[in-house]
Amino acid sequence: MVVTARRHFVFGVRHHGPGSARSVLGALEAYAPDALLVEGPPDADGLIALAAHEEMQPPVALLVYVPDAPQRAVFYPFATFSPEWVALRYGLARSIPVRFMDLPQAHRLVPAVTVEAPESASPEESGADELPVEGAARALRLDPLARLAEIAGFADSERWWDHLVESRRGGHAQVFDAINDAMAALREGEAELPELESRREAYMRTAIRAALKEGCERLAVVCGAWHAPALVEPERKGAATADRALLKGLPKVKTAAAWTPWSYDRLSFRSGYGAGVDSPAYYDLLWSCAGSPPVHWVTQAARLMREKDLDASSAHIIEAVRLAEALAALRGRPLPGLEELDEAVLTVMCFGNAAPMQLIRRKLVIGDRLGAVPEEAPVVPLQEDLARLQKRLRVPVSADEKDYDLDLRKPIDLERSQLLHRLRLLDIAWGEQREEHGKKGTFHEFWRVQWHPEFVVQLIDASRWGSTVADAAGARTLERVHTTASLRELTGLLDDALLADLPAVVEALMTAIQDTAAQGGDVVELMAALPALARAGRYGNVRQADTEMIAAVSDGLIERICVGLPNACASLNDEAADAMFGHIVAVHDAVNLLQRAAQREAWLGVLGHLAQQGGLHGLVAGRAVRLLHEAGTWERDDVERRLHLALSTANDPGQAAGWIEGFLRGSGLLLVHDEGLWSLLDAWVTGLAGEHFTAVLPLLRRTFATFSAPERRQMGERAKRGAPAGVGAAVATDAFDFERAARVLPMLARILGAAEEPA
């Protein structure tokens, strides 16, 4: 049959496959259609023309969503090597009418319709409850070429397609006929298609009949290979009537559509069309490489290794390519595939070490490319505002992780911080705030930012709160203020609102905090709320916020905590004492942070009461003594007296061990450098009876586990010596060889620049 004589030609493809894309392009050029139908959502027909825009840079995705419920959404991703994308660009470049033909999402996003999960669903969401047979059938429908590849002895369906198609010269139409026949044979094993699949194919046939009725002489149809046999004869007798019956009365919702950037990382998941790819970056190379893909891939792997200061010479590249070609020949394949390249690079360039391969696979197999869409592409106002802010503040969208050290004294860094905090209030985690070792200060924030395509859906969802990031964050936070009754949550929101610079929200929060604090009498709740309030009061003026009202509320909280804490600490079991320990430490830090003399004096007074309170759990009593000692309120003699009383043999060993844990937990330096404390503890441990020592040992081990490794090592060395030593002494004085040590001093002086250079 002459190809050009067909009124319509069905191209069954593998989604996101470079081999499929190249074959589709060749077949389209040979067929020269006058209209194109592509598997995709008709809801987005109005956006097809933007695919030809010069600023459209795949990977991108069509987003179809319900405006009144944006969380109900589906993505249709496209890469440069996606056959559907190639077909769209082919038609637009030649001014050929192009339309989508799949069942509209307006019917599929209706919540009352209980059909299979939308195609954007993850494998876990869409197939977790299937029976094994049903799961296998669904897997077959998602990637039928994989079954054919397995039968042919290939581990990867794209490699099988390359072997079948790319080694040929011409004959693309015959290849698609063969694919259609193969899919028809596979479908014979399915007794009945799921309802959604049947409706989708009915709609596709209806779209084909409509296009032919409009007068098309050569209609090209690009769809997933699984659907191809069902679309070859849309005008057979009775087909139209049956399709109308399937589609009659389907419920419908209003939908909207937009183009959005996508990433290769997200393309590696099964999404859109129900088909993801494991190696998008490698497929990009197969599509775009004009030379030998194996040579290019191995060369890029060597370049990556060199960037990480790993050896990768030209000889390594040559040998790796040769090994990959030999492996392909042994396996009967015309060219090395990703499997052969991976094995060759692992063996020749990485010497069997899998660690460098993780970088190579991340960069050259999956990839980190993030697409871009034109500025005139339709988006909600909130997205437009965020894009303007990202551009003005020079915080570009990227699929790569990027670290920022923000100096809040600089206006641009302050605005960047406010933007990231506002997005977090909208539950859009573009940035993650991090702690940097050795870098502390109230004027610095450390962030790691990474953009994920699904943030677009969250932005659309958040647009109901406002058309700008500031307005939306403020409205969303105010809504949480009105629905939150927890004092702790309210003070946490206050901290967030100050960081995000939302003054109207801060005012509403202060009112809510005052009302809630006045009504609440739970000391633990008040203690949990104070730290965030203290941070807001201490650092608010770093962010140019008025903190007078915050100070008044925090003063009231501290006063009520001091009054109620002794009773709250009475009769605590081990679990409650551990929780109270954390609250006391947090409140102590908060009081120190506020630096208000009256509140500090009141707080230290209640700690003194706790330290001498009878029947108090040892964990709480020990920490109270420790805090008083650090604050300079209790001298060393006072601490030693309390320690003697706590470690008295008249006391229960468990109570004594709890006291020691409360006193020492979190820092062993006090024990390392305090000779008197070391001696007291040593005498107490050595004086324990056997059965008491066995009971106390787990508690002591738990305490010492909180010390750092260097601290434990110093303690071990000191215990091993068994003789008292001065602060920081490493060995006993009488064992020190001064004469030997003196030989090092001249060279040490030269290294430190304290000695004159020899003439």
Side-chain angles (χ1 to χ4, degrees), residues 59 61 63 65 69-73 75 77 120-122 124-125 258 260-269 271 362 366 368-371 379-380 382-391 393-406 408 413-436 444-466 468-481 483-484 489 492-502 505 532 535 543:
L63 167 65
Y65 62 96
Q71 66 275 13
R72 297 210 302 274
F75 288 98
S120 63
S122 66
E124 291 79 8
E125 295 169 330
T260 181
W262 204 246
S263 70
Y264 277 172
D265 178 64
R266 297 304 299 170
L267 195 63
S268 64
F269 295 90
S271 58
R362 187 172 67 251
I366 296 177
D368 52 14
R369 179 177 296 182
L370 180 68
V379 295
V380 296
L382 181 60
Q383 287 178 267
E384 292 180 351
D385 182 61
L386 177 58
R388 283 193 296 267
L389 289 169
Q390 289 167 334
K391 185 175 182 180
L393 298 177
R394 300 193 294 278
V395 189
V397 168
S398 173
D400 287 333
E401 290 182 344
K402 185 173 182 180
D403 293 327
Y404 287 90
D405 177 359
L406 303 182
L408 303 182
D413 280 356
L414 180 60
E415 287 191 72
R416 288 169 173 170
S417 171
Q418 291 166 353
L419 172 62
L420 292 169
H421 281 292
R422 288 170 181 174
L423 289 174
R424 290 180 69 178
L425 285 171
L426 291 171
D427 299 321
I428 300 172
W430 180 27
E432 176 189 359
Q433 198 167 358
R434 304 174 64 84
E435 292 289 338
E436 293 288 335
H444 282 267
E445 284 184 353
F446 303 95
W447 290 85
R448 175 165 293 172
V449 300
Q450 183 181 23
W451 187 262
H452 297 289
E454 56 267 28
F455 289 162
V456 175
V457 174
Q458 294 171 271
L459 280 168
I460 295 171
D461 189 21
S463 64
R464 58 196 165 113
W465 302 106
T468 68
V469 176
D471 289 346
R476 175 72 180 95
T477 309
L478 280 174
E479 192 268 344
R480 293 175 65 186
V481 171
T483 57
T484 298
E489 291 181 15
L493 281 177
L494 175 64
D495 196 16
D496 293 337
L498 281 169
L499 296 172
D501 189 27
L502 302 173
V505 178
R535 287 194 301 271
R543 297 177 171 274

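When every heavy atom of Ala61 is checked against every heavy atom of Pro77, the shortest pair comes out as CB-CA, 3.8 Å. Across every non-hydrogen atom of Val505 and Ala497, the tightest pair is CG1-CB, 3.9 Å. Of all heavy-atom pairs between Pro453 and Pro261, the closest is CB-O, 3.7 Å. For Leu63 against Ala73, the heavy-atom pair with the smallest separation is CD1-CB, 3.8 Å. Closest approach of Leu382 to Ala472, counting heavy atoms only: CD1-CB, 4.2 Å.
Residues passing the side-chain hydrogen bond (donor to acceptor under 3.5 Å, both in side chains) test with Asp385, sequence neighbours excluded: none. With sequence neighbours excluded, no residue forms a salt bridge (Lys or Arg N to Asp or Glu O under 4.0 Å) with Arg424. For Gln383, the side chain to side chain contact (heavy atoms under 4.5 Å, CB included) partners at least two apart in sequence or on another chain are Val379, Val380, Val456, Leu459, Ile460. Residues meeting the side-chain hydrogen bond (donor to acceptor under 3.5 Å, both in side chains) test with Trp447, sequence neighbours left out: Glu445. Not counting sequence neighbours, the partners of Lys391 by the side chain to side chain contact (heavy atoms under 4.5 Å, CB included) test are Glu375. Residues satisfying the ring pair (Phe, Tyr, Trp, His ring centres under 6.0 Å) test with Trp465, not counting sequence neighbours, are none. Legend: residues meeting side chain to side chain contact (heavy atoms under 4.5 Å, CB included) with Val397, ordered by chain and number and at least two apart, are Leu370, Gln390, Trp451. Under the rule for a side-chain hydrogen bond (donor to acceptor under 3.5 Å, both in side chains), the partners of Glu415 that lie at least two apart in sequence or sit in another chain are Arg392. Checked against salt bridge (Lys or Arg N to Asp or Glu O under 4.0 Å), Asp400 has no partners two or more places apart in sequence or in another chain. Residues passing the salt bridge (Lys or Arg N to Asp or Glu O under 4.0 Å) test with Asp496, sequence neighbours excluded: none. In this view, Arg422 satisfies the side-chain hydrogen bond (donor to acceptor under 3.5 Å, both in side chains) rule with no residue, not counting sequence neighbours. Take Glu401 and apply the salt bridge (Lys or Arg N to Asp or Glu O under 4.0 Å) test, not counting sequence neighbours, and it matches Arg448.
His421 pairs with exactly one of Leu498, Leu499, Asp501 by the side-chain contact (heavy atoms from CB on, under 4.5 Å) rule, that one being Leu499.
You'll find the side chain of Leu420 reaches within 4.5 Å of the side chain of Trp430, heavy atoms only. Counting only heavy atoms from C-beta outward, the side chains of Arg266 and Glu454 approach each other to under 4.5 Å. Residues Ile428 and Gln458 form a side-chain contact, since some pair of their non-hydrogen atoms from C-beta on lies under 4.5 Å apart. At least one side-chain heavy atom of Leu423 sits less than 4.5 Å from a side-chain heavy atom of Leu386. The shortest side-chain heavy-atom distance between Tyr404 and Val395 falls under the 4.5 Å cut-off. At least one side-chain heavy atom of Thr260 sits under 4.5 Å from a side-chain heavy atom of Phe75.
In this structure, the side chain of Arg416 engages the main chain of Leu393 through a donor-acceptor pair within 3.5 Å.
The distance from atom CG of Leu494 to atom OG1 of Thr477, rounded to the nearest 0.5 Å, is 11.0 Å. Residue Asp461 holds its CG atom at 9.5 Å from CG of Leu426, rounded to the nearest 0.5 Å. Here Leu389 contributes atom CG and Leu419 contributes atom CG; the two are 5.5 Å apart, rounded to the nearest 0.5 Å. In this structure, CZ in Arg369 is found 11.5 Å from CG in Leu267, a value given to the nearest 0.5 Å. Taken from NE2 in His444 to CG in Leu406, the straight-line distance is 9.5 Å, to the nearest 0.5 Å. Between atom CG of residue Asp368 and atom CG of residue Asp265 there is a gap of 9.0 Å, rounded to the nearest 0.5 Å.
Ring pair His452/Phe455 is perpendicular by interplanar angle, where above 60° counts as perpendicular and below 30° as parallel.
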